[in-house]
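Scroll down for the structure; my scribbles are underneath it.
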2 protein chains.
Amino acid sequence: MKIGELAKESGLSVHTLRYYEKQDLLLATARSESNYRLYDQQALGTARFIRRSREIGFSLEEVAVFLSIRADKPAHVCAEAKTLAENKIVDVEQKISELKQVLSALHKLSDACCGGNESAEHCSIIDALEQSDQEAS
Amino acid sequence: MKIGELAKESGLSVHTLRYYEKQDLLLATARSESNYRLYDQQALGTARFIRRSREIGFSLEEVAVFLSIRADKPAHVCAEAKTLAENKIVDVEQKISELKQVLSALHKLSDACCGGNESAEHCSIIDALEQSDQEAS
DNA sequence: CTTGACCCTAGAGTCTACTCTAAGGTTTAA
DNA sequence: TTAAACCTTAGAGTAGACTCTAGGGTCAAG
Ligand SMILES: [Zn+2]
Ligand SMILES: [Zn+2]
Ligand SMILES: [Zn+2]
Ligand SMILES: [Zn+2]
């Protein structure tokens, strides 16, 4: 199949597929006489594998590692894959906890403000942002 | 005070302060004979205001809105500030919920894998990434 | 034989918020 | 006087993952 069909089947854009090729993540199976990229079912499998890995939150760099494991499983061990996943879990948990802090700060701001159509001279949001460094811990 | 002192007092870097000036967020109060940027206490207040807003998660674009409210409070109403905060809350909640989904997907992957030093031929992580589109809902 | 839907390349642009560099001028203290 | 520690500018670089453009071939249908 040509790149357009692969795009449709895999849920990735044509541009993205070419980008992945440049990044050595997904090479075309062959080229037609007119130099069109041609892909087989295995390439479709790989494209989907990449998409799914990305959806789960892995970076392209991490996806590359998964692809190399996948390409030669006997040469790799479970620990490699699991380590990637566990590190990612730590990252994501970290990000979530940062965002939760942000969220609670935002709620404090928002709750204190009347949100009405009166002048902002008394606005507690602006006031709160003003007092730079005296947090109650 | 000069930019280096403002940087120290505000907790922002000299580079960042100049960047903010380029973005019209924080102009120097004056220039010395030798063309050095000079700042007064009010500028320090503004610098801290920006830093604090950034820490809470607002973008520079949003900070610019807060600054314009702050610069002329009588011309603005609480609703403007509160709307920004509320929209941000929605954004952050959205992001958190996405990350939670990602996290649960990662846990599923990670928990299923033995993580041992055996060949990855049976690795459930690679297998799970393989089956592109048949999620149990 | 032309139109439209494909495909190709190399390379630039996007986003956000910095961060740094090069090449210089100024101030301060020893 | 000289060295350190400041300051200036314009502009480039960084991250990550695309996304798009210009300028061109190719292919099937009517
Ligand atoms: Zn109010
Ligand atoms: Zn208010
Ligand atoms: Zn295993
Ligand atoms: Zn495994």
Side-chain angles (χ1 to χ4, degrees), chain A residues 1-39 43 47 49-67 84 87-88 91-92 94-95 98-99 102, chain B residues 1-39 43 46-47 49-67 84 87-88 91-92 95 98-99 102:
Chain A
M1 76 186 91
K2 285 181 288 180
I3 198 167
E5 199 187 337
L6 181 64
K8 228 174 270 172
E9 293 295 322
S10 66
L12 297 166
S13 81
V14 167
H15 281 303
T16 297
L17 288 168
R18 283 197 280 248
Y19 173 71
Y20 286 172
E21 182 177 282
K22 213 179 289 177
Q23 306 302 308
D24 272 322
L25 291 172
L26 176 58
L27 303 174
T29 310
R31 290 287 184 137
S32 75
E33 275 182 42
S34 51
N35 201 32
Y36 288 10
R37 287 171 182 84
L38 300 176
Y39 300 89
F49 184 96
I50 296 172
R51 182 173 64 76
R52 191 149 161 74
S53 304
R54 292 283 302 123
E55 283 169 1
I56 291 183
F58 291 104
S59 69
L60 292 184
E61 205 178 338
E62 290 159 340
V63 173
V65 177
F66 282 131
L67 285 174
L84 270 186
N87 288 345
K88 201 76 195 173
D91 288 358
V92 173
Q94 171 76 34
K95 256 181 221 154
E98 283 167 14
L99 285 178
V102 162
Chain B
M1 78 186 91
K2 286 180 290 181
I3 199 168
E5 199 186 337
L6 181 64
K8 231 175 266 171
E9 294 295 322
S10 66
L12 297 166
S13 81
V14 168
H15 281 304
T16 298
L17 288 169
R18 283 198 280 248
Y19 172 71
Y20 286 172
E21 182 176 284
K22 212 178 290 176
Q23 306 302 307
D24 272 323
L25 291 172
L26 175 58
L27 304 175
T29 310
R31 290 287 183 137
S32 76
E33 277 183 38
S34 52
N35 201 32
Y36 287 10
R37 289 172 181 83
L38 299 175
Y39 300 90
T46 304
F49 184 95
I50 296 173
R51 183 172 62 76
R52 192 147 163 73
S53 303
R54 291 283 301 125
E55 283 168 3
I56 291 180
F58 292 103
S59 69
L60 293 184
E61 203 176 342
E62 290 158 341
V63 173
V65 177
F66 282 131
L67 285 174
L84 269 186
N87 288 344
K88 199 76 193 172
D91 287 357
V92 173
K95 256 182 220 155
E98 282 168 12
L99 284 179
V102 162

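To find a chain, count down the sequence lines: A is the first, B the second, and so on, and within it residues start at 1.
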One should read off an interatomic distance between L60(B) CG and E62(B) CD, to the nearest 0.5 angstrom, of 9.5 Å

Would you kindly check whether a donor in the side chain of Y36(B) faces an acceptor in the base of dG25(C), or vice versa, at under 3.5 angstrom?
yes

Is the phosphate of dC18(C), meaning OP1 or OP2, less than 4.0 Å from a side-chain N or O of R54(B)?
yes

Base, sugar-phosphate alone, or nothing: which one does R37(B) contact when heavy atoms must sit under 4.0 Å apart?
sugar-phosphate

Is Y20(B) close enough to dC18(C) that one of its side-chain N or O atoms is under 4.0 Å from OP1 or OP2 there?
yes

Heavy-atom side-chain proximity of Y36(A) to R31(A) below 4.5 angstrom:
no

Rounded distance (nearest 0.5 Å) linking atom CG of L84(B) with atom CZ of F66(B):
4.5 Å

Roughly how far apart are S10(A) OG and M1(A) CE, rounded to 0.5 Å?
8.5 Å

Roughly how many Å is it from CD1 in I3(A) to P in dC6(C), rounded to a whole number?
13 Å

Under 4.0 Å, counting only non-hydrogen atoms across every strand here, what does S13(A) touch: a base, just sugar-phosphate, or nothing?
nothing

Find the distance N35(A):CG to dC8(C):C1' and express it as a whole number of Å.
6 Å

Report the distance from atom NZ of K22(A) to atom P of dC8(C), rounded to the nearest whole Å.
12 Å

If only atom types and distance count, is the side chain of K88(A) paired as donor or acceptor with the main-chain N or O of G57(A) below 3.5 Å?
yes

Just call it for S59(B): base, sugar-phosphate, or nothing, with non-hydrogen atoms closer than 4.0 Å on any strand.
sugar-phosphate

Between R51(A) and dC18(D), is there a contact of a side-chain N or O with OP1 or OP2 at under 4.0 Å?
no

Nearest-Å distance, NE2 (H15(B)) to C1' (dT21(C))?
8 Å

Given DNA chain C, 5'-ward residue of the pair L12(B) and K2(B), judged by closest heavy atom:
L12(B)

Between dT9(D) (P) and R31(B) (CZ): distance, integer Å
5 Å

If you compare every side-chain N and O of R18(A) against the phosphate oxygens of dC8(C) (OP1, OP2), does one of them come in below 4.0 Å?
yes

Rounded interatomic separation in angstrom, taking CG from L25(B) and P from dC18(C):
10 Å

Between atom CG in L60(A) and atom C1' in dC18(D), what is the gap in whole Å?
9 Å

D24(A) CG - dA17(D) C1' separation (whole Å):
16 Å

Report yes if at least one side-chain N or O of S34(A) is closer than 4.0 Å to OP1 or OP2 of dC27(D); otherwise report no.
yes

